[in-house]
Amino acid sequence: MYLPISFHLPIDKLAGCFANTSASYKFYWFLSLIQSIEHGQKRVSRRELYASMVANAWYSVNYFKLSLGKQDSLFEIVEKIRDTEGIDQKEEIEKIVSKLTSHEIQNATIRELEKLGKNVPYYFLSPWVGSGKTIKEFVSASQSFDNQCPYAIFDTYIEMDEDWFDYIFQHSGILKDFCRWNLSLYLQSKNPNTPAITEKLNFNPNDKRNQLTKQKSEFWNIALKQLSTINCIYTHTPLSIGTYALDHFIPHSFVSHDLIWNLVPADPSFNIKKSNKIPELNQYFDAFFDLQLKAYKIVVHSNTKNKFLEDYLTIFPNLDFHSFEEPNYATFRNVLSPLVAIARNNGFGGL
């Protein structure tokens, strides 16, 4: 992915900011910088930028449990701020920034935010200023805009260079995509077995996520019409059409998909309580598989062209619907077992 050309700015230095990156700070710093420029801010409070960094990393840390790398303390900073301030894991980014820039936050939170200012505002400028410099040298070089530095660093704020402000303002959408693309590559390297990193970076709790209406009406309701009632695999509560919720057996916050083989009817109140917890396979898999198999057999005999049957091909690529071939228990469990193990290693709690 290439950056927009400028005939009077060293764009190659901006592109070089993310070369050989061993921590996530630079990505979140640059995203925060772009966002402030989008709001027309040429002089930006450093605390506001640190708050924005935390907010931009919020869902990756709290909702998706992504590792930011062993050398990266941003994960720990975000967790400490979440616990100190009692902010919800899916709070809106704007509200997180507002909270962290208010006068109501705890002193412990201020100390955590200030940790982000020890290095990243300075080291981000290494392509312009050079590596191996002291903080004092970085500050001096930035304030004289040596080698066309993008901003000058002061005690409580940074001030944008006019040309860089115009360039970033004009190309903010492309620059955010460039930053997120590099961030996704970085996060994928730190979470090699975690699916859908790019989708996780684009997560927005304000978006009305798929309500699974079609999965209910075009798959599970077909099965329930024949079965009349089923029991919730978690609470054993009897369920029927109109009285159940669809649960992601492996949480959506980990798999980031709504494939039918990971969905199962559940007691609505328990589904809310379960949230993004991981079920114990030894306790729940047999009931899960039994219900999946019953529904599959009813739907495939009803209509071999049902579009949701194709979801099973992602784990059973040679499954033949026309011969009414059935998913295999061992294969199904072998697919879910590593997902459960990885999710737990990433910090998802168990039921």
Side-chain angles (χ1 to χ4, degrees), residues 63-65 88-90 195 209-303 306-309 311-312 314-316 319 324-351:
Y63 187 67
F64 297 115
K65 314 293 185 185
D88 187 82
Q89 65 174 2
K90 291 196 289 184
R209 209 183 81 206
N210 184 354
Q211 298 299 306
L212 307 176
T213 303
K214 289 187 176 181
Q215 286 88 338
K216 284 184 175 181
S217 63
E218 299 177 19
F219 187 88
W220 282 104
N221 284 357
I222 293 172
L224 279 165
K225 282 178 183 177
Q226 184 166 326
L227 294 169
S228 296
T229 61
I230 59 173
N231 290 332
C232 173
I233 67 171
Y234 306 110
T235 65
H236 309 294
T237 304
L239 304 172
S240 58
I241 293 175
T243 70
Y244 70 91
L246 273 184
D247 169 61
H248 290 79
F249 189 69
I250 307 298
H252 180 273
S253 54
F254 179 72
V255 297
S256 292
H257 67 65
D258 299 317
L259 296 177
I260 207 74
W261 57 259
N262 189 47
L263 298 174
V264 64
D267 178 344
S269 60
F270 183 82
N271 187 48
I272 295 172
K273 180 181 176 181
K274 176 178 179 275
S275 185
N276 62 353
K277 294 183 176 65
I278 299 291
E280 172 57 55
L281 291 187
N282 289 336
Q283 183 175 354
Y284 295 110
F285 179 78
D286 284 3
F288 168 77
F289 178 79
D290 180 64
L291 193 50
Q292 277 279 336
L293 186 58
K294 285 178 180 178
Y296 170 87
K297 289 165 70 173
I298 291 170
V299 173
V300 78
H301 280 84
S302 171
N303 179 11
N306 184 298
K307 65 180 181 180
F308 288 110
L309 292 173
D311 289 359
Y312 289 98
T314 61
I315 52 176
F316 302 100
L319 199 60
F324 305 123
E325 185 180 358
E326 299 174 3
N328 176 269
Y329 175 97
T331 302
F332 211 144
R333 179 155 182 155
N334 287 340
V335 168
L336 264 61
S337 292
L339 292 176
V340 167
I342 295 166
R344 286 187 172 174
N345 288 339
N346 281 14
F348 286 87
L351 280 176

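Because the structure is predicted, anything quoted here is derived from the model rather than measured. Note that the numbering runs from 1 along the sequence shown for the chain.
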*According to the interplanar angle, ranging from 0 to 90°, do the rings of His248 and His252 count as parallel (below 30°), tilted (30 to 60°) or perpendicular (above 60°)?*
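Geometry flag for His252 against His248: perpendicular rings.
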*Please state whether the rings of Phe324 and His301 are parallel, tilted or perpendicular, taking 30° and 60° as the class boundaries.*
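Phe324 vs His301 ring planes: parallel.
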How long is the straight-line distance from [atom2] of [Y] back to [atom1] of [X], given to the nearest 0.5 Å?
X      : Y      : atom1 : atom2 : value
Leu212 : Asp258 : CG    : CG    : 5.0 Å
Lys277 : Ser253 : NZ    : OG    : 11.0 Å
Leu227 : Leu239 : CG    : CG    : 11.5 Å
Ile222 : Lys216 : CD1   : NZ    : 14.5 Å
Asp267 : His236 : CG    : NE2   : 11.5 Å
Leu224 : Ser240 : CG    : OG    : 7.5 Å

Whether the [X] and [Y] side chains hold a donor-acceptor pair (N or O, under 3.5 Å, no angle test) is what I'd like checked.
X      : Y      : answer
Glu326 : Tyr312 : no
Tyr234 : Asp247 : yes
Asn306 : Tyr296 : no

So, the side chain of [X] versus the backbone of [Y]: is there a donor-acceptor pair under 3.5 Å, distance only?
X      : Y      : value
Lys65  : Asn345 : no
Gln292 : Ile260 : yes
Asp311 : Trp261 : no
Thr235 : Cys232 : no
Ser302 : Ile298 : no
Ser217 : Thr213 : yes

_Chi angles and distances behind the side-chain contact (heavy atoms from CB on, under 4.5 Å) call for Gln215, Phe308_ = CA-CA 8 Å; Gln215 286 88 338; Phe308 288 110; 3.6 Å; yes
*Does the gap between the ring centers of Tyr284 and Phe249 come in under 6.0 Å?*
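Aromatic pair excluded; centres sit 6.0 Å or further apart.
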*Walk me through it: do Phe254 and Ile342 pass the test side-chain contact (heavy atoms from CB on, under 4.5 Å)?*
CA-CA 9 Å; Phe254 179 72; Ile342 295 166; 3.7 Å; yes
Would you say the side chain of [Y] lies within less than 4.5 Å of the side chain of [X], judging by non-hydrogen atoms?
X      : Y      : result
Val255 : Asn262 : yes
Phe332 : Leu293 : no
Ile250 : Val340 : yes

_Using the side-chain contact (heavy atoms from CB on, under 4.5 Å) definition, which of the options Asn334, Leu259, Val335, Thr331 pairs with Ile315?_
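Only one option passes, and that is Val335.
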*Residue from Thr229, Asn271, Asn221, Thr237 passing side-chain contact (heavy atoms from CB on, under 4.5 Å) with Tyr244*: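 For Tyr244, the side-chain contact (heavy atoms from CB on, under 4.5 Å) test succeeds with only one of Thr229, Asn271, Asn221, Thr237, which is Asn221.
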*Non-neighbouring partners of Tyr329 that pass side chain to side chain donor-acceptor pair (under 3.5 Å), sequence neighbours left out*: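 Tyr329 satisfies side chain to side chain donor-acceptor pair (under 3.5 Å) with Asp286 once adjacent residues are dropped.
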*Dump the intermediate steps for side-chain contact (heavy atoms from CB on, under 4.5 Å) on Ser337 and Phe285, then the final yes or no.*
CA-CA 10 Å; Ser337 292; Phe285 179 78; over 6 Å; no
*asked:* Check whether Phe219 forms a cation-pi arrangement with Lys307 (NZ or CZ under 6.0 Å from the six-membered ring centre, at most 45° off the ring normal).
replied: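 Ring-cation test returns no.
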*State, to 0.1 Å, how close Phe270 and Leu351 come at their nearest heavy-atom pair, and which atoms those are.*
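Minimum heavy-atom separation between Phe270 and Leu351: CZ-CD2, 4.0 Å.
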*Closest heavy-atom pair and its distance - Leu246, Trp220*: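 Closest approach of Leu246 to Trp220: CD2-CD1, 3.6 Å.
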_side-chain contact (heavy atoms from CB on, under 4.5 Å) between Leu291 and Ile233, worked out_ = CA-CA 8 Å; Leu291 193 50; Ile233 67 171; 4.1 Å; yes
